There are 2 protein chains.
Amino acid sequence: MSNKTRVQILKWLKDPEGNFPPHQDIDHFDDGVCVGFIQDKTGLSQSTISTYLNAMQNANLVIPTRHGKWTYYRRNEEVIRDYLETLKKEL
Amino acid sequence: MSNKTRVQILKWLKDPEGNFPPHQDIDHFDDGVCVGFIQDKTGLSQSTISTYLNAMQNANLVIPTRHGKWTYYRRNEEVIRDYLETLKKEL
DNA sequence: TTTATATATCTAGAAAATTAGATATGAATG
DNA sequence: CATTCATATCTAATTTTCTAGATATATAAA
């Protein structure tokens, strides 16, 4: 949560249709967006983005789903909501 | 906002009466809390806390007021509120 | 069952943040 | 006006974060 790129990724994942091109195999974003698309959007290296997504997954902010060769990442809305509520309450 | 200690300071400043001893010269916390008290509470060095408070002031999160030898820091409630609202809206 | 593709992990260098000691400044006090 | 006290600033060492290249793994395709 203390990194601009990672926060930006969370924001993009709020609206996959608006922020990413459609996937090849699937015609919806129910499981989120594949790593490659996120990487293209940030301009950072593949390994960096993979590391970021892994960190976000460890923090429970995103949920990964594997479909064949691809891993799709979507927001964990519940955790994000809790985080915002706690912050508003405590800060 | 990406540092535990600095966030903790903001939280403490929400309730100066509850978190800090009374000041020598002044019997209220209208202008906030002096640097020394904040330093004691964190256990970090004087220069570190001064640096932190300066950073927070640059980010407009706190407002300093000088009274004689002491500098008191208080929360900038408006900016903090805006920050939380923006985060809730955008994240 | 070799090859290609997408993602993950390992490693290490570069950059940024953290932190404290030394020193400076500004205000009160003897 | 010399001294003391509170805070600020400067400098540098340490730690953490960022980031990419190399390599590994998993799946699909040829």
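Every chain is numbered from 1 and lettered A, B, ... according to where its sequence line falls, protein lines coming before strand lines. Note that the structure is predicted; figures quoted are calculated from it, not measured.
Per the geometry, CG belonging to N54(A) stands 13 Å off C1' belonging to dC10(C), to the nearest Å. Distance Y52(B) OH to dT19(C) C1': 7 Å, rounded to the nearest Å. Atom P of nucleotide dT18(C) and atom CD of Q39(B) are separated by 18 Å, given to the nearest angstrom. The distance between atom CG of D25(A) and atom C1' of dT5(C), rounded to the nearest whole Å, is 12 Å. Distance CH2 (W70(B)) to C1' (dA28(C)): 8 Å, rounded to an integer number of Å. Atom CE of M56(A) and atom C1' of dA8(C) are 16 Å apart (whole Å). When rounded to the nearest whole Å, the span between CG of D31(A) and P of dT7(C) equals 14 Å. Atom CG in L44(B) sits about 5 Å away from atom P in dA20(C), given to the nearest Å.
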query: Can you check side chain to side chain donor-acceptor pair (under 3.5 Å) on D25(B) and H67(B), steps first, answer last?
result: CA-CA 9 Å; D25(B) 295 22; H67(B) 278 276; over 6 Å; no
- request: Show your reasoning for whether side chain to side chain donor-acceptor pair (under 3.5 Å) applies to T48(B) and S45(B).
  value: CA-CA 5 Å; T48(B) 298; S45(B) 77; 2.9 Å; yes
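Counting non-hydrogen atoms under 4.0 angstrom, Y72(B) reaches nothing in the nucleic acid. Here L53(A) lies out of heavy-atom contact (under 4.0 Å) with every strand. Within 4.0 Å of S45(A), counting heavy atoms only, lies at least one base atom of the nucleic acid. Across all strands shown, F37(A) has no heavy atoms under 4.0 Å from either base or sugar-phosphate atoms. Looking at heavy-atom distances under 4.0 Å, S50(A) makes contact with a base.
Residues H67(A) and T51(A) both approach DNA chain D. Their nearest nucleotides, taken by heavy-atom distance, put T51(A) toward the 5′ side. Map I49(A) and K69(A) each onto its nearest nucleotide of DNA chain D; the residue landing nearer the 5' end is I49(A).
There is a path of hydrophobic side-chain contacts, each under 4.5 Å, that joins I9(B) to V7(B). Under the 4.5 Å side-chain heavy-atom criterion for Ile, Leu, Val, Met, Phe, Trp and Tyr, I49(B) and I63(B) are members of distinct hydrophobic clusters.
The two residues P64(B) and T71(B) come nearest to each other via the heavy atoms CB-CG2, 4.0 Å. In this structure, W12(B) and N19(B) approach most closely via the heavy-atom pair O-ND2, 3.1 Å. Between W70(B) and C34(B) the shortest heavy-atom distance is CD1-CB, 4.1 Å.
Using a 4.0 Å cut-off, some side-chain N or O of N3(B) falls inside it from OP1 or OP2 of dT18(C). Put simply, R6(B) has a side-chain N or O that comes within less than 4.0 Å of OP1 or OP2 on dT18(C). Contact check, T48(B) against dA20(C): a side-chain N or O comes under 4.0 Å of OP1 or OP2.
Put simply, chain A comes within 4.0 Å of DNA chain D, heavy atom to any atom, from dC18(D) to dA28(D), going 5' to 3'.
Under a 3.5 Å cut-off, the side chain of H23(B) and the backbone N or O of V33(B) do not form any donor-acceptor pair.
For dA20(C), the base has no donor-acceptor partner in the side chain of Q46(B) [N/O atoms by modelled type, under 3.5 angstrom].
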